[in-house]
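First the structure, in the form of structure tokens, and then the observations on it.
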Amino acid sequence: MGRWCPRLRFVERQRTRTLYRAAGSLRRDTTRRATRDGFRPEPEVRPVLRMSTLFLRTLREDPADAEVASHRLLVRGGYIRRAAPGGFTWLPLGWIVYRNVERIIREEMDREGFQEVHFPALLPKDPYEASGRWADYGDNLFRLQDRKGADFLLAPTHEEMFTLLVKDLYSSYKDLPLVIYQIQTKYRDEARPRAGLLRGREFVMKDSYSFDIDDEGLQASYDKHRVAYQRTFDRLGLPYVIVSAMSGAMGGSASEEFLVPLAVGEDTYVRCSACDYAANTEAVQVQPPAPIAFDGLPAAAVMDTPDTPTIQTLVDLFNARPELRHPDREWTAADTLKNLVVKLRNPDGTSTALAIGVPGDRDVDLKRLEAQVGPAEIEPFSEEDFAANPALAKGYIGPGALGLENASGIRYLVDPRVVDGTAWITGADQPGQHVMNLVMGRDFTPDGVIEAAEVLPGDPCPRCGSAMEIARGIEMGHIFQLGRKYAEALGLTVLDENGKTRVVTMGSYGIGVSRAVAAIAEIGCDDKGLIWPREVAPADVHIVATGKPTDPQLPAAEQLAAECEAAGLRVLLDDRVGVSPGVKFNDSELLGVPTIVVVGRGLADGVVELKDRRTGGRRDVPLAEIVGLLRDA
RNA sequence: CGGGGAGUGGCGCAGCGGUAGCGUUCCUGCUUUGGGUGCAGGAGGUCGGGGGUUCGAAUCCCCCCUCCCCGACCA
């Protein structure tokens, strides 16, 4: 890393940019890339994009197979085109937008001193076999064979390759810390690709990996990414919520997701209405209530409760029968303890039964459960399984039979709300019988606690106790302290200052690049079309020439476009002849360049119309002032 | 992988045993030029694929593929 100092380079870049801008010879956000030899500016002037020759066809109607706004509008606006199940072709405008997004991400990575590399997407099986992921990844992994029958895969992420690369080249603590990243096409054989770019089987991801000697170093690398991601999403114009995520069985500790709040998103998260707590539902930790003393609690009693197969019928029965009624109030589902038995399919192919007890007013959330028991997968407990375990009375299962020490021998875990001294109505392990006043800690003792009950709106925040709300979002980024799992599996060690071998600790950090394009489109659009933030837009200004082919508007627009180009602005010029103004206006709104200039009937008075795509606001501006206005905008 | 819907010119749709249609797009000519202008002429389709039934299949039957929506999984 020695000689190359990105931080310094960045400062230098800023300075040069200011100079260029002052000279009016550089477009505002010109792309400049870091290389070992210094900064190499791209061509300083981008030629005007002319709609008369642009490889573009906008559609008058929505494509029928597109549901979400971003998919609909990106196809209709001629940005992308479906080419394969879960795969899209980028057309010229789309590719410009895509590269802008990529550039912003790259700049923010480089700014932190992270270094870019590039792996193949097509990889041999061996490293993934060594890490165990060849088996663990399951059907989502694209697998193929070469002509000799050797196994390959199309990489879904590159932890193994990064780990091996560093192992290849580095062997001393002096080489660390290190962060390297790539922007790569990734492949996942999604069961259901959908929503256009939001979830494809081929997509582009920026993934970076940090390598540190100790936990403090890992934390520092993690924090750097956190900050870099915040800056990146700000520049992309994407609102986001940072939520705690499950690091689960992956062996990591800290893990956070950057979610863009969108109803079309597939991630459910909770957010506190009072404090800044936010978490993926899988990661929500319930705050257990205080235990209750056993003194004075009535004794448990078994009751005949025929025809009560559901929680609701059970509660109704208890409220209806005088001898079962609660002395002070109506019974509710929250007074019951619901017990569910599932089968865990372990990665090694074996199965274990697991029983879960949750308050009867909520269901078991299979996603939360799976996050807790991963990498095992959940299967329903079948009729045959019930038959094989006679201690279980289906529909009347209770703590009396559950537990490693009890008749069923099935491990029994309960919700954190089930604390010592709480009394429950629950199954009595005999058909048609329930037990009431069964007290936790006195009458039964489960094998442990599990976070598997569903999270409901209004549940108390684990941090401050205020009511939480539930929202949907799309995962745009994930930062994750991997720890030593991959380094251990693949033997990545370095010598420390005492000459002792140390296993390196790692972090992995991803941003969905192609997904970001869709998310930005989704966030910004309206019923007329797309609205890009300026930095990712395909142009700074969309100049529309109206009037007959022989009118002065077209030459005036050409002239204006040339002046803008010279001033460093990126221009999209609608110079199509014989296209009516209505069509041009509609296209300009569909395409979503943030600023639109109409060279039209005001030209006779020396003015053009300046339109803001987002607000719809428009005003006449003297032709002579327009370039300055745009440049300073 | 379960449940539901659908595949017919670039796009949107109709046709549901008897010669493949409409709108839009595209091409030509005229017309129009501040919100998808009007008129006329034209181009463009292995009716998702394969098998079967039938004198005859876009249409009926079987298998497969693909797309969309809701669930189970992921940036």
Side-chain angles (χ1 to χ4, degrees), chain A residues 57-68 71-72 75-76 78 81-82 84-87 105 137-141 155-158 183-208 229 245-246 257-260 264-267 280 282 365-367 369-371 374-375 377-380 473-480 508-519 528 544-551 553-554 576-590 598-603 608-609 611 618:
Chain A
R57 184 109 303 146
T58 57
L59 304 180
R60 186 195 282 251
E61 287 166 289
D62 284 334
D65 61 355
E67 182 70 14
V68 302
H71 186 194
R72 230 173 49 224
V75 172
R76 196 144 86 82
R81 200 90 191 142
R82 198 190 82 90
I105 294 170
Y137 224 95
D139 291 338
N140 269 8
L141 192 64
T157 60
H158 282 73
I183 293 175
Q184 239 294 12
T185 306
K186 307 285 185 182
Y187 297 87
R188 286 186 199 169
D189 190 357
E190 292 284 349
R192 178 154 89 96
R194 65 167 176 185
L197 249 28
L198 282 176
R199 183 209 277 204
R201 302 162 96 192
E202 176 181 292
F203 58 96
V204 178
M205 183 165 106
K206 186 287 302 176
D207 50 330
S208 34
Y229 276 29
M246 249 339 262
E257 284 172 6
F258 286 69
L259 300 184
V260 175
V264 298
E266 353 177 61
D267 275 39
N280 206 311
E282 282 96 316
D365 181 332
L366 290 178
K367 267 183 144 172
L369 176 58
E370 206 140 52
E377 285 173 32
I378 298 186
E379 289 179 3
I474 180 129
E475 186 178 357
M476 281 307 314
H478 195 164
I479 53 178
F480 187 179
S508 83
Y509 317 87
I511 292 180
V513 183
S514 45
R515 176 179 278 188
V517 174
K528 295 199 185 86
V544 175
T546 66
K548 284 182 275 206
T550 50
D551 284 347
Q553 274 89 348
L554 185 56
R576 292 175 295 178
V577 294
V579 176
S580 77
V583 172
K584 292 187 174 184
F585 294 149
N586 281 324
D587 274 347
S588 72
E589 279 150 355
L590 174 60
V598 182
V599 182
R601 57 187 174 199
L603 188 66
V608 295
E609 188 177 86
K611 290 206 284 191
R618 48 170 94 173

Partner nucleotide of B:rG34 by Watson-Crick or wobble geometry (both distances under 3.5 Å)
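Check on B:rG34: unpaired, no WC or wobble geometry under 3.5 Å.
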Base-pairing mate for B:rC26 - Watson-Crick or G-U, with both contacts under 3.5 Å
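When the pairing criteria are applied, B:rG42 turns out to be the nucleotide that pairs with B:rC26.
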Using whole Å, report how far [atom1] of [X] lies from [atom2] of [N].
X        : N      : atom1 : atom2 : value
A:Arg201 : B:rC73 : CZ    : P     : 19 Å
A:Arg601 : B:rG34 : CZ    : C1'   : 5 Å
A:Asp587 : B:rC11 : CG    : P     : 18 Å
A:Asn140 : B:rC74 : CG    : P     : 7 Å
A:Tyr187 : B:rC74 : OH    : C1'   : 17 Å
A:Glu61  : B:rA14 : CD    : P     : 12 Å
A:Glu257 : B:rC73 : CD    : P     : 14 Å
A:Arg76  : B:rG36 : CZ    : P     : 15 Å

Interatomic distance at [atom1], [N] relative to [M], whole Å:
N      : M      : atom1 : result
B:rA20 : B:rG44 : C1'   : 13 Å
B:rG21 : B:rG45 : P     : 13 Å
B:rC60 : B:rC55 : C1'   : 16 Å
B:rU24 : B:rG18 : C1'   : 30 Å
B:rC62 : B:rU53 : C1'   : 11 Å
B:rC16 : B:rG56 : C1'   : 16 Å
B:rG7  : B:rC13 : P     : 9 Å
B:rG9  : B:rA58 : P     : 14 Å

Nearest 0.5 Å please: distance from the NZ atom of A:Lys528 over to the CZ atom of A:Phe585.
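Going from NZ on A:Lys528 over to CZ on A:Phe585, the span is 12.5 Å.
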Drop me the distance from A:Asp189's CG to A:Leu141's CG, to the nearest 0.5 angstrom.
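One gets 8.5 Å once the value is rounded to the nearest 0.5 Å.
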Side chain of A:Arg515 - closest among B:rU33, B:rC68, B:rA75:
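Of B:rU33, B:rC68, B:rA75, B:rA75 is nearest to the side chain of A:Arg515.
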Nearest to the side chain of A:Thr546, which nucleotide is it out of B:rG34, B:rC26, B:rA75?
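The closest nucleotide is B:rG34.
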[X] near the nucleic acid: base, sugar-phosphate alone, or nothing, with a heavy-atom cut-off under 4.0 Å?
X        : value
A:Lys528 : nothing
A:Gly547 : base
A:Arg618 : base

Please determine whether a side-chain nitrogen or oxygen atom of [X] lies at a distance below 4.0 Å from atom OP1 or OP2 of [N].
X        : N      : result
A:Arg82  : B:rC67 : yes
A:Arg60  : B:rU25 : yes
A:Ser580 : B:rU37 : yes

Between the side chains of A:Asp207 and A:Thr157, does any donor sit under 3.5 Å from an acceptor?
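No - no donor-acceptor pair under 3.5 Å links their side chains.
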Exercise: identify the closest heavy-atom pair between A:Val577 and A:Leu554:
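In this case the closest contact between A:Val577 and A:Leu554 is CG1-CD2, 3.9 Å.
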Could you give me the CA-CA distance, side-chain angles and deciding distance for A:Asp62 and A:Arg76, then say whether side chain to side chain contact (heavy atoms under 4.5 Å, CB included) is met?
CA-CA 6 Å; A:Asp62 284 334; A:Arg76 196 144 86 82; 2.8 Å; yes
Does any N or O in the side chain of A:Arg188 come within less than 3.5 Å of the main-chain N or O of A:Asn140, such that one atom is a donor and the other an acceptor?
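It does not hold such a pair.
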Quick one: does A:Lys584's side chain have a donor or acceptor within less than 3.5 Å of a partner on A:Arg576's backbone?
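Checking the backbone N and O of A:Arg576 against the side chain of A:Lys584, a donor-acceptor pair under 3.5 Å is found.
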Can A:Phe585 be called stacked on B:rG34 when the rule is centres closer than 5.5 Å and an angle between planes below 30°?
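Base of B:rG34: not stacked against A:Phe585.
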